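I have placed the structure first, in the form of structure tokens, so that the comments after it can refer back to it.
Order of the sequence lines sets the chain letters (A, B, ...), proteins ahead of strands, with each chain counted from 1. Remember, predicted model here, so these are calculated numbers, not experimental data.
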Number of protein chains: 4
Amino acid sequence: MTAEIAKFGHIALITPNLEKSVWFFRDIVGLEEVDRQGDTIFLRAWGDWEHHTLSLTPGNRARVDHIAWRTKRPEDVETFAEQLKAKGTEVQWIEPGEEKGQGKAIRFRLPNGYPFEIYYDVEKPKAPEGKKSRLKNNVYRPSYGIAPRRIDHVNVWTTNPSEIHQWLKDNMGFKMREYIRLNNGFVAGGWMSVTPLVHDIGVMVDPKGQPNRLHHFAYYLDNVTDILRAADILREHDITIEMGGPGRHGISQAFFLYVKDPGSGHRLELFSGGYLIFDPDWEPIEWQEHELQEGLIWYGPEMKPGGPMDDTTEC
Amino acid sequence: MTAEIAKFGHIALITPNLEKSVWFFRDIVGLEEVDRQGDTIFLRAWGDWEHHTLSLTPGNRARVDHIAWRTKRPEDVETFAEQLKAKGTEVQWIEPGEEKGQGKAIRFRLPNGYPFEIYYDVEKPKAPEGKKSRLKNNVYRPSYGIAPRRIDHVNVWTTNPSEIHQWLKDNMGFKMREYIRLNNGFVAGGWMSVTPLVHDIGVMVDPKGQPNRLHHFAYYLDNVTDILRAADILREHDITIEMGGPGRHGISQAFFLYVKDPGSGHRLELFSGGYLIFDPDWEPIEWQEHELQEGLIWYGPEMKPGGPMDDTTEC
Amino acid sequence: MTAEIAKFGHIALITPNLEKSVWFFRDIVGLEEVDRQGDTIFLRAWGDWEHHTLSLTPGNRARVDHIAWRTKRPEDVETFAEQLKAKGTEVQWIEPGEEKGQGKAIRFRLPNGYPFEIYYDVEKPKAPEGKKSRLKNNVYRPSYGIAPRRIDHVNVWTTNPSEIHQWLKDNMGFKMREYIRLNNGFVAGGWMSVTPLVHDIGVMVDPKGQPNRLHHFAYYLDNVTDILRAADILREHDITIEMGGPGRHGISQAFFLYVKDPGSGHRLELFSGGYLIFDPDWEPIEWQEHELQEGLIWYGPEMKPGGPMDDTTEC
Amino acid sequence: MTAEIAKFGHIALITPNLEKSVWFFRDIVGLEEVDRQGDTIFLRAWGDWEHHTLSLTPGNRARVDHIAWRTKRPEDVETFAEQLKAKGTEVQWIEPGEEKGQGKAIRFRLPNGYPFEIYYDVEKPKAPEGKKSRLKNNVYRPSYGIAPRRIDHVNVWTTNPSEIHQWLKDNMGFKMREYIRLNNGFVAGGWMSVTPLVHDIGVMVDPKGQPNRLHHFAYYLDNVTDILRAADILREHDITIEMGGPGRHGISQAFFLYVKDPGSGHRLELFSGGYLIFDPDWEPIEWQEHELQEGLIWYGPEMKPGGPMDDTTEC
């Protein structure tokens with residue numbers, strides 16, 4: 001049986017201003033602080049079951065330490081390791097507890113440099129008393145800040161997205177759901193998933209020609225009105241909402257806003273709605289160049305290369 | 001007893017493309033067609049009790065025929081007529097039925113040219129069977145299109161807003177609720193009302209230096225999600241949402257989007273939420289020049305002079 | 001010029017369990033604690049401009065100390081006092097500061113015993129730094145709990161509502177907006193206002209035949225989704241939502257839920273939406289006996305006499 | 001490789017009043033009529049990609065003709081047929097086109113009598129011009145009625161749910177997500193899925209002791225406010241919302257309302273929100289008897305056996 005990825009697990013970020021990043025992600029975004037290990041702080045949303053979906057570690061410059069994917073079965077981690085090594089990818093084993101709350105895992109880089117992690121074993125701590133939800137199928141009681149429900153997806157930039165799309169399909173089983181094809185045939189971006197979400201990962205062309213930058217990662221909120229409430233909370237704290245959002249994407253149909261962690265510059269997307277793909281024979285949706293703008297923004301502010309959205313962090 | 005204005009009543013628009021304007025306001029916005037008189041079509045929202053809150057009349061160029069205000073008492077119309085004439089304003093009497101559904105009224109122009117109407121008597125037709133709401137305190141059952149609840153306010157541009165603010169206060173009893181004062185002392189805009197709404201009328205400086213242009217008129221929707229639904233409906237019909245909205249105003253705190261009638265270019269605002277002023281000793285809120293941008297747009301796209309929002313219609 | 005009421009100001013409650021009532025109204029409902037005076041705690045919502053809209057005072061049993069109305073002009077308080085005395089109502093003067101934050105006021109009882117207060121002078125303290133909204137037209141930044149925007153209305157029970165309706169009309173200028181007439185002609189309830197709100201006060205028949213009980217008082221929330229969020233917050237704290245709400249009223253068209261302060265049993269309504277009445281010639285909406293159920297509950301749980309909703313507190 | 005179910009496909013209903021059922025599902029619920037075949041009418045929601053998700057066929061009494069499941073691979077249909085026959089289940093082959101829009105399929109009955117269909121091949125017709133969405137990843141433009149996005153799940157009743165849960169697990173790969181265990185150990189209901197939805201199918205105990213009744217089937221709406229809008233639409237057409245909903249389930253966390261097709265009595269659930277399960281090692285949530293009521297209704301009307309919710313249709 002082939003090894004399979006079950007889901008996007010977490011993202012590990014390096015921040016040059018830990019204190020401000022913690023203020024942003026914990027006090028404003030409303031993630032729960034779960035644990036600490038050395039200088040690293042582990043956080044998750046109120047509806048996240050795993051030990052963490054975000055970690056923050058201090059460092060001299062903002063970058064992504066790793067993007068982590070959980071497998072469907074325990075033995076899949078080993079299988080992935082072998083398959084990757086067989087293709088010449090250098091694979092590093094992470095021992096249980098080396099990353100707190102997590103069992104043994106592998107780390108490796110994609111051909112363009114994205115730092116990925118694959119794991120299966122992970123702790124699922126309950127919320128502490130006083131923070132626990134009375135709903136048995138929730139972890140925490142949502143209580144402060146923007147309070148998203150769960151982690152959703154990651155979006156990364158590269159020079160030639162098609163190569164990465166192919167790599168993700170061949171090596172990790174991601175399926176293409178929607179993509180942009182320019183008039184010259186160049187695929188400028190693709191939204192891929194292993195779940196019914198339209199994307200667990202988006203890979204788009206970097207307007208600045210860099211091989212491996214993070215465009216954003218996203219947390220999910222239940223209601224579009226939660227995104228509007230988030231906008232109010234951000235503005236009350238004088239935090240800039242990028243581009244003049246919120247808006248609605250054509251691709252994925254989700255309602256969103258973008259905001260940068262003022263401590264690191266890592267971009268967070270707050271994301272709600274969208275559609276699910278249950279069809280096993282899904283025909284990827286192609287957006288052509290003349291449709292690109294509507295694909296990116298169905299309504300809301302224009303999103304175009306050459307503006308401040310081009311400034312983003314390193315993978 | 002002084003004559004008093006009770007409410008904003010309706011706006012009468014001239015459109016160079018009646019068919020397209022009717023399509024927009026009736027089929028897309030979802031106003032109900034109530035009546036016709038010659039070439040003029042009368043519409044209202046499902047929660048409007050008066051005969052009409054919008055009329056569309058064909059003409060060679062887009063302009064506002066009149067902006068109409070209802071008085072608190074029948075005798076107030078006569079009193080306003082006398083007071084205006086005493087100050088040298090030319091007043092024209094409109095006979096009952098001359099404007100369908102309406103009793104006798106007066107029309108006159110403000111010093112800068114805004115065409116106003118004042119009336120009291122007006123028919124309040126029930127909705128026809130099959131369109132009637134089962135709720136006794138509604139008129140129509142909301143059934144198609146964007147379906148706003150009721151007319152809300154009008155926003156007009158001029159060269160020196162302060163003069164008009166003063167005129168509206170002295171002659172019609174409008175109270176200032178919020179205003180913008182530039183560093184040089186110039187009042188760039190003011191939001192005034194005779195009701196607890198933050199504004200029944202906004203009067204702002206025209207970035208093109210015209211004396212009397214219409215910036216927009218607004219219909220009210222119950223929920224912010226109705227504005228998002230409106231955005232989807234507009235995009236499905238390939239109608240441009242201006243500025244890349246929706247967004248939230250600082251001034252009034254309302255959630256909004258702007259869209260132009262493709263038949264005439266008259267700008268419509270879809271408007272929801274905001275706050276009400278019940279305090280008799282309300283201290284007008286002053287927004288200074290450095291706060292202006294947040295006053296106009298708390299979150300959402302930037303609204304600045306020199307862009308397409310400067311293109312608007314004549315009063 | 002006749003004295004006029006501008007708005008519903010505040011409600012002063014006596015609670016047998018101050019600590020629990022403060023926990024409920026401040027920590028769960030999310031009202032801001034503004035001030036203390038002796039044993040009395042003063043609270044208001046984030047969008048309330050006056051010193052307080054709710055006060056809590058310990059006492060051996062739950063009751064309403066007074067229901068307070070603000071006048072349109074300072075001199076109206078004196079005029080009301082004289083008019084009431086002329087009709088034989090006993091009027092008690094309250095000195096400035098006797099109720100913290102408030103100037104001189106009068107207190108009196110309606111024929112059936114409702115304890116009313118009328119005042120004009122009131123402090124409008126700013127929010128303390130760190131709690132202040134960045135929006136100049138807000139007081140506090142909404143930050144925790146259910147967080148309603150402002151106080152809305154009061155609803156009281158009596159044996160013969162018509163008598164109180166008439167008293168409120170004759171002595172305080174309240175206008176009838178909607179009412180229920182039973183088959184035998186008895187008016188079982190009426191919703192009255194001096195503002196464009198459908199009601200500042202509702203007066204309904206007491207199913208237990210008491211002369212003067214409080215049914216509930218209400219705070220307003222901007223969005224129906226805020227009511228749903230409130231329901232989640234209440235359930236997370238194991239606080240019962242009465243009747244199995246939320247639901248939508250026919251009368252007023254507002255979306256609502258009812259919850260009792262566990263410290264006192266005083267009933268709070270969380271209230272959103274509804275319509276506004278700007279027409280000076282509003283024809284009160286009559287709901288007949290066969291329409292009563294839809295008037296009370298357009299959708300949501302059935303509200304009928306003989307159930308737990310009959311248990312309520314004393315005025 | 002084992003045969004796998006990909007998703008809930010459609011439900012085929014028999015109705016004694018076709019005209020009224022079509023009025024309800026098409027004109028009020030707002031499903032799109034796709035096709036007809038003999039007396040059968042095929043419908044789908046605006047975001048359903050398959051030929052139909054609901055069919056209505058006239059018959060002398062209301063019953064479910066079949067509940068259809070789509071497989072992951074074309075060959076899975078044959079595999080399921082063999083596996084079922086090997087266990088002694090009688091399997092009937094349906095030829096391509098026998099059910100319009102669908103390829104070859106099998107029909108069979110579960111031990112307690114539920115009529116199931118399994119298929120893979122299905123047409124995915126585009127929406128006709130004028131009804132087509134401008135969004136490339138939508139099928140129709142949502143345009144009238146309640147307008148749910150897509151079919152969601154089915155909920156059926158039986159005498160001993162555990163037996164059916166086991167059968168669904170063993171024969172079709174459904175995973176248990178949440179379930180109710182009474183004090184005596186009896187499993188009163190279980191919510192199972194093959195997708196990240198909390199349930200594609202719910203199987204609960206029948207309070208009337210019948211072996212195979214349909215409790216409801218559900219369509220999904222994007223926003224909780226769409227459920228409230230649905231409630232308004234139903235009330236405007238004098239259609240009863242069951243139990244006095246809407247409300248929120250504990251189990252699944254979804255916001256809902258129940259309504260019966262007035263033509264057939266088949267119960268429809270309108271369903272929004274809820275959570276998704278991506279974890280491969282999901283530990284089914286057990287609700288004990290004392291938690292049952294909160295599991296069924298987190299907030300909203302009480303749902304208890306012995307009331308009108310017990311009246312439902314035959315499978």
Side-chain angles (χ1 to χ4, degrees), chain A residues 23-24 26-32 45-48 126-150 220-241 246 248 255 257 259 262 270-273, chain C residues 23-24 26-32 45-48 126-150 220-241 246 248 255 257 259 262 270-273:
Chain A
W23 168 78
F24 176 69
R26 189 187 56 196
D27 300 345
I28 303 302
V29 179
L31 300 183
E32 300 283 349
W46 54 264
D48 281 328
K126 290 195 196 312
E129 282 310 315
K131 295 201 136 205
K132 213 168 167 171
S133 175
R134 286 187 62 247
L135 271 174
K136 300 190 85 169
N137 49 12
N138 258 9
V139 187
Y140 298 79
R141 166 166 54 82
S143 58
Y144 64 97
I146 290 169
R149 172 187 281 273
R150 60 168 174 80
Y220 189 86
L221 292 91
D222 279 6
N223 300 292
V224 292
T225 48
D226 296 330
I227 303 275
L228 302 184
R229 184 173 166 273
D232 277 316
I233 291 173
L234 293 168
R235 299 303 297 118
E236 280 287 6
H237 290 90
D238 208 3
I239 300 168
T240 304
I241 299 166
R248 188 184 301 280
F255 195 70
L257 68 77
V259 57
L270 298 172
F271 196 78
S272 184
Chain C
W23 168 79
F24 176 70
R26 187 187 59 196
D27 299 346
I28 303 302
V29 179
L31 301 183
E32 300 283 348
W46 55 263
D48 280 328
K126 289 196 198 311
E129 281 311 315
K131 296 202 136 205
K132 213 168 166 170
S133 174
R134 286 188 61 250
L135 271 174
K136 300 189 84 168
N137 49 14
N138 259 9
V139 186
Y140 297 79
R141 165 168 53 82
S143 57
Y144 65 97
I146 290 170
R149 173 187 279 273
R150 59 168 174 79
Y220 189 85
L221 292 90
D222 279 6
N223 300 293
V224 291
T225 48
D226 296 330
I227 303 276
L228 302 184
R229 184 173 166 273
D232 277 315
I233 291 173
L234 293 169
R235 300 302 298 118
E236 280 287 5
H237 290 90
D238 208 3
I239 300 168
T240 303
I241 298 165
R248 188 184 299 280
F255 195 69
L257 69 77
V259 58
L270 299 173
F271 195 79
S272 185

Are Leu31(A) and Pro148(A) side-chain neighbours, meaning at least one heavy-atom pair lies under 4.5 Å? yes

In Å and rounded to the nearest 0.5 Å, what is the CG to CD1 distance from Leu270(A) to Ile146(A)? 5.5 Å

Side chains of Val259(A) and Ile28(A), heavy atoms from C-beta outward: is any pair under 4.5 Å? no

Val139(A): which residues meet the side-chain contact (heavy atoms from CB on, under 4.5 Å) condition with it, sequence neighbours left out? Arg44(A), Trp49(A), Ala127(A)

What distance separates Leu221(A) CG from Ile227(A) CD1, expressed to the nearest 0.5 Å? 4.5 Å

Please report all inter-chain donor-acceptor pairs (under 3.5 Å) between chain A and chain C, with distances to 0.1 Å.
| unit_1 | atom_1 | unit_2 | atom_2 | d |
| --- | --- | --- | --- | --- |
| Ser133(A) | OG | Glu236(C) | OE1 | 3.4 |
| Ser133(A) | OG | Glu236(C) | OE2 | 2.6 |
| Arg134(A) | N | Glu236(C) | OE1 | 2.7 |
| Arg134(A) | NH1 | Arg235(C) | O | 2.4 |
| Arg134(A) | NH2 | Asp238(C) | OD1 | 3.3 |
| Thr225(A) | OG1 | Thr225(C) | OG1 | 3.4 |
| Arg235(A) | O | Arg134(C) | NH1 | 2.4 |
| Glu236(A) | OE1 | Ser133(C) | OG | 3.4 |
| Glu236(A) | OE1 | Arg134(C) | N | 2.7 |
| Glu236(A) | OE2 | Ser133(C) | OG | 2.6 |
| Asp238(A) | OD1 | Arg134(C) | NH2 | 3.3 |

